[in-house]
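What follows is one structure encoded as structure tokens, with my remarks underneath.
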Amino acid sequence: SRQLEDVARVRERVLSGALAGFDLERAGLFGHSRGGGLGLVHAAETGAYRAVVTWAAMDDADRYSDAVKAAWRRAGMLPVVNSRTGQVLGISVEVLDDFERNRERFDVPAACARLTAPTLLLHGGEDESVDPRALERLAAALPRGEAIRLPHAGHTFGATHPLGNPTADLEFALEKSVAWFEVHLLGGRQGTRR
């Protein structure tokens with residue numbers, strides 16, 4: 001819920017005119033991984049975006065077994081290891097409580113079914129963080145859009161930190177995303193409008 005509130009605050013700030021240079025008639029939204037799933041929920045809740053693009057979007061916020069949830073509650077936090085960096089991050093039990101209170105709100109496929117904006121979903125076939133089958137589950141619910149699986153791409157489409165040479169999968173995802181926004185936000189015209 002806090003992350004959705006953050007996105008709503010950014011949107012409100014843009015709409016208020018406090019951030020100059022935005023064309024408010026051409027709003028699009030992009031998200032990756034959990035940000036992709038939450039972006040789909042936010043876009044469905046507001047109905048205000050003309051285009052949405054996600055990379056490796058989660059389709060299910062309830063990713064943990066009952067045993068993991070019980071241990072999480074006992075410890076007060078869930079340690080999660082970033083598979084790419086090895087960094088251990090702790091997720092507070094408040095996150096679990098929030099999910100359980102708002103289970104229907106975080107139903108990502110149901111949010112997809114309510115989307116009015118044309119939506120592009122991209123997902124790697126070798127995603128190590130979000131099940132690649134999430135792409136089909138989200139696409140099946142989507143009334144308007146396109147789903148693309150990059151068969152050999154992982155969760156970040158080959159992007160690393162710091163970014164070295166972009167992979168073919170990353171370049172493809174970028175090109176498809178930019179083209180999607182150009183078509184749906186600029187009417188097919190290439191441009192640099194924000």
Side-chain angles (χ1 to χ4, degrees), residues 1-11 29-47 49 52-117 119-143 145 147-161 169 173:
S1 292
R2 286 186 196 159
Q3 291 171 346
L4 286 170
E5 289 168 10
D6 288 343
V7 175
R9 274 194 284 280
V10 170
R11 183 173 180 279
L29 187 65
F30 169 82
H32 174 257
S33 196
R34 179 175 40 234
L38 291 174
L40 293 166
V41 170
H42 173 75
E45 287 180 351
T46 65
Y49 295 95
V52 176
V53 174
T54 68
W55 293 4
M58 69 170 188
D59 68 326
D60 189 355
D62 189 7
R63 299 172 43 154
Y64 303 101
S65 69
D66 289 340
V68 169
K69 290 176 186 177
W72 187 352
R73 288 201 182 285
R74 281 192 304 276
M77 74 114 184
L78 176 68
V80 177
V81 178
N82 183 310
S83 63
R84 289 173 304 283
T85 67
Q87 182 181 16
V88 179
L89 305 170
I91 302 175
S92 164
V93 75
E94 292 173 351
V95 173
L96 177 58
D97 292 339
D98 180 44
F99 170 75
E100 290 178 344
R101 280 191 309 272
N102 296 288
R103 187 177 304 274
E104 287 181 24
R105 183 180 192 196
F106 299 132
D107 183 335
V108 184
C112 280
R114 297 190 311 272
L115 277 172
T116 57
T119 302
L120 173 64
L121 308 171
L122 293 123
H123 208 114
E126 295 181 10
D127 191 322
E128 65 281 4
S129 297
V130 176
D131 186 340
R133 294 174 295 187
L135 178 68
E136 284 78 27
R137 291 188 285 264
L138 295 175
L142 208 58
I148 300 174
R149 176 182 307 284
L150 288 79
H152 304 293
H155 189 62
T156 62
F157 301 90
T160 59
H161 181 74
D169 287 329

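Note: hydrogens, waters and symmetry copies are ignored here, and every other heavy atom, side chains too, is used.
- A salt bridge between D60 and R133 is absent, with no side-chain N of the basic residue lying under 4.0 Å from a carboxylate O of the acidic one.
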Residues R105, S1; criterion side chain to side chain contact (heavy atoms under 4.5 Å, CB included); working and verdict: CA-CA 9 Å; R105 183 180 192 196; S1 292; 3.7 Å; yes

Salt bridge (Lys or Arg N to Asp or Glu O under 4.0 Å) between R114 and D107, worked out: CA-CA 11 Å; R114 297 190 311 272; D107 183 335; over 6 Å; no

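- A111 approaches A44 most closely through the heavy-atom pair O-CB, 3.2 Å.
- Counting non-hydrogen atoms of other residues, nucleotides and ligands closer than 6.0 Å to CD of E126 gives a total above 12.
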Step-by-step side chain to side chain contact (heavy atoms under 4.5 Å, CB included) determination, L150 to W55: CA-CA 11 Å; L150 288 79; W55 293 4; over 6 Å; no

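- Checking side-chain atoms of D127 against main-chain N and O of V130 turns up a donor-acceptor pair under 3.5 Å.
- Note that the CG atom of L121 and the CG atom of L138 stand 6.0 Å from one another [nearest 0.5 Å].
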Salt bridge (Lys or Arg N to Asp or Glu O under 4.0 Å) evaluation trace for R2 with D98: CA-CA 9 Å; R2 286 186 196 159; D98 180 44; over 6 Å; no

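- The line from CZ of R149 to CD of E136 is 4.0 Å long, rounded to the nearest 0.5 Å.
- Nearest heavy-atom pair, A139 versus A147, reported as atom, atom and distance to 0.1 Å: CB-CB, 3.6 Å.
- Atoms CD and CZ, from E100 and F106 in turn, are 11.5 Å apart once rounded to the nearest 0.5 Å.
- Note that OG1 of T54 is 11.5 Å distant from CG of L38, once rounded to the nearest 0.5 Å.
- The minimum heavy-atom distance linking F157 with A173 is given by the pair CD2-CB, 4.3 Å.
- Listed for the T119 side chain is a donor-acceptor partner under 3.5 Å among the backbone atoms of A117.
- Cation-pi geometry between R63 and F99 is not met: the NZ or CZ atom fails to fall both under 6.0 Å from the ring centre and inside 45° of the normal.
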Verdict with supporting geometry, Y49 and R11, side chain to side chain contact (heavy atoms under 4.5 Å, CB included): CA-CA 10 Å; Y49 295 95; R11 183 173 180 279; 3.0 Å; yes

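- Nearest heavy atom pair, residue P143 against residue A113, reads CG-O, 3.8 Å.
- Considering all non-hydrogen atoms of both residues, G36 and A57 come closest at C-CB, 3.8 Å.
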Derivation of the side chain to side chain contact (heavy atoms under 4.5 Å, CB included) call for Y64 and L96: CA-CA 10 Å; Y64 303 101; L96 177 58; over 6 Å; no

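- Between the NE2 atom of H32 and the NE2 atom of H155 there is a distance of 4.0 Å, given to the nearest 0.5 Å.
- Contact of the L40 side chain with the M58 side chain is not registered, since no non-hydrogen atoms from C-beta on lie closer than 4.5 Å.
- Interatomic distance, OG1 of T46 versus CG of L29, reported as 8.0 Å (0.5 Å rounding).
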